[in-house]
Asker: 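Take this structure first; my questions come after.
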Amino acid sequence: MEEGSSDVSPFDLERMFLGDFDMLFLAEVAVRTGIIYLFALLLVRFLGKRGQGQLSPFEFVIIIALGSAVGDPMFYADVPLVHSMIVITVVVVFNRGLDYAVSNSSKVEVFVESTPTCVVVDGRLELKDLDRERVAHDELFMVLRQSGVEQLGQVRRAYLEPSGQVSWFAYLPDDVRSGLPLQPRADPEFPERFSEGVAVPDAGTWVCTYCGETYPLEIGNEFPKCPRCEEGEWVKASVLGSEDKASDAAAR
C-alpha cells in the first residue's frame, strides 16, 4: 500500500474526479496524451509488421493507450477519474481524426497502416524486403508450411500483410516450378546440403538454400556461388509439376 493511502477519505468525490491538481493541469494531461500517442505510433511502426501480431499499428497503439488509461484510476487513489476520462477522450478523438486522414490521404494511410510487402516472387525470396521487415527465413517457411506449401516453387507471390500475416498466390499445378524444399533442417528427410567448391554428385536442378534461386548443374562440376545472392549452399530442388519433372528427367 502506498505511503499516505491510509489517510484517503473514501468516496471523496472531489478527490476521485479532480484530485489535488490545478485545473490547468487537465489541459496538460490532454497534451501529454497526444504526444505519447503519436510517439507510441512511431515506435510501433518501427517495430515492424511481425512484431504486432495480427493487429495494425493503429489498433496496437489504441489497445496500449486505453489499457493504461482505464487501469490506473481503478487501482491508485491518487489518480483522479477525470484524468483517465481525458486520456480516453483524447485517444478516441485522435483515432477518429486519423481515420479521417487515412480515408482522405494515401500518404497518411501508408504511414499509419503501412502496405503489404512482397517477400516471394516466382518461387524466390525477396531478400532485401525480408531484411527490411526483419523476417527470418525460418519464420516465413513456417507460415507457408502451415498453409500446405511444400516447396517455394509452388508460390507465385507471397506478401507480408500490415497485420503481420502472410498471404500468397499459388501456381497452377502444371505451372509449379522446381524450388527450395521447406521442411525444417532438422527433418531427417531434408535433402543433403552441399557447399561451394564441392563436386556436384547428381545432374539436375539445384537450389540455393538462402534465396531459392534454381540452377541446372552437371555431374562432376563444382557448386558455384549463387549468381543471385552470392551464398554458397545448395540442395537438390524439390520438383512438383509435370513440366519440371519432364525437364529434370531430360537433364539426367
Side-chain angles (χ1 to χ4, degrees), residues 48-51 114-187 189-198 200-219 221-252:
K49 297 177 182 129
R50 291 299 291 170
S114 78
T115 57
T117 300
C118 190
V119 291
V120 177
V121 175
D122 297 333
R124 300 180 299 179
L125 298 174
E126 293 294 293
L127 298 177
K128 290 183 179 179
D129 290 320
L130 283 171
D131 289 343
R132 177 165 55 85
E133 296 290 353
R134 297 181 292 282
V135 176
H137 293 189
D138 288 343
E139 186 179 10
L140 174 63
F141 295 164
M142 176 191 70
V143 175
L144 291 174
R145 287 196 301 269
Q146 290 173 340
S147 299
V149 181
E150 296 182 39
Q151 55 104 344
L152 274 182
Q154 296 173 261
V155 181
R156 183 164 59 86
R157 291 288 190 277
Y159 303 94
L160 180 63
E161 301 293 349
S163 65
Q165 295 179 306
V166 175
S167 60
W168 62 286
F169 296 127
Y171 278 110
L172 295 174
D174 290 342
D175 296 327
V176 171
R177 305 181 173 198
S178 301
L180 179 65
L182 298 186
Q183 300 110 306
R185 286 175 176 253
D187 190 323
E189 293 188 358
F190 191 88
E192 184 178 0
R193 300 184 290 275
F194 296 89
S195 299
E196 174 193 355
V198 174
V200 176
D202 188 17
T205 303
W206 293 80
V207 58
C208 171
T209 62
Y210 192 72
C211 73
E213 177 72 24
T214 56
Y215 203 69
L217 294 171
E218 296 294 334
I219 190 169
N221 292 340
E222 293 184 350
F223 286 103
K225 281 185 180 292
C226 175
R228 183 166 180 257
C229 69
E230 298 188 346
E231 293 292 328
E233 185 181 75
W234 300 83
V235 298
K236 196 68 184 292
S238 177
V239 182
L240 295 173
S242 58
E243 181 177 346
D244 282 318
K245 288 180 179 178
S247 63
D248 192 72
R252 290 174 179 272

Asker: First locate atom CZ of Arg145, then atom CG of Leu140, and finally report the distance between them rounded to the nearest 0.5 Å.
Answerer: 9.5 Å
Asker: If you take all heavy atoms of Tyr171 and Asp122, which pair is closest and at what distance?
Answerer: OH-OD1, 3.0 Å
Asker: Heavy atoms only: give me the nearest Ala203-Glu218 pair and the separation to one decimal.
Answerer: CB-OE1, 4.0 Å
Asker: Looking at Val120, Leu144, Val143, which hits side chain to side chain contact (heavy atoms under 4.5 Å, CB included) with Val149?
Answerer: Leu144
Asker: Determine whether Glu231 and Thr209 make a side-chain contact, defined as any pair of heavy atoms from C-beta on separated by less than 4.5 Å.
Answerer: no
Asker: Can you tell me how far OG of Ser147 sits from CE of Met142, rounded to the nearest 0.5 angstrom?
Answerer: 10.5 Å
Asker: Grab the two heavy atoms, one from Val176 and one from Gly153, that are nearest each other, plus how far apart they are.
Answerer: CG1-O, 3.7 Å
Asker: Counting only heavy atoms not in Tyr215, do more than 12 fall under 6.0 Å of its OH?
Answerer: no
Asker: Under 4.0 Å between a Lys/Arg side-chain N and an Asp/Glu carboxylate O for Arg228 and Glu126?
Answerer: yes
Asker: Salt bridge between Glu230 and Lys225, side-chain N to carboxylate O under 4.0 Å?
Answerer: no
Asker: Can you list the steps and then say if His137 with Leu127 is a side-chain contact (heavy atoms from CB on, under 4.5 Å)?
Answerer: CA-CA 9 Å; His137 293 189; Leu127 298 177; 3.7 Å; yes
Asker: Kindly determine whether Arg185 and Asp138 satisfy side-chain contact (heavy atoms from CB on, under 4.5 Å), including the steps that lead there.
Answerer: CA-CA 9 Å; Arg185 286 175 176 253; Asp138 288 343; 5.5 Å; no
Asker: Does a salt bridge link Asp129 with Arg132, judged by any charged N lying under 4.0 Å from a carboxylate O?
Answerer: yes
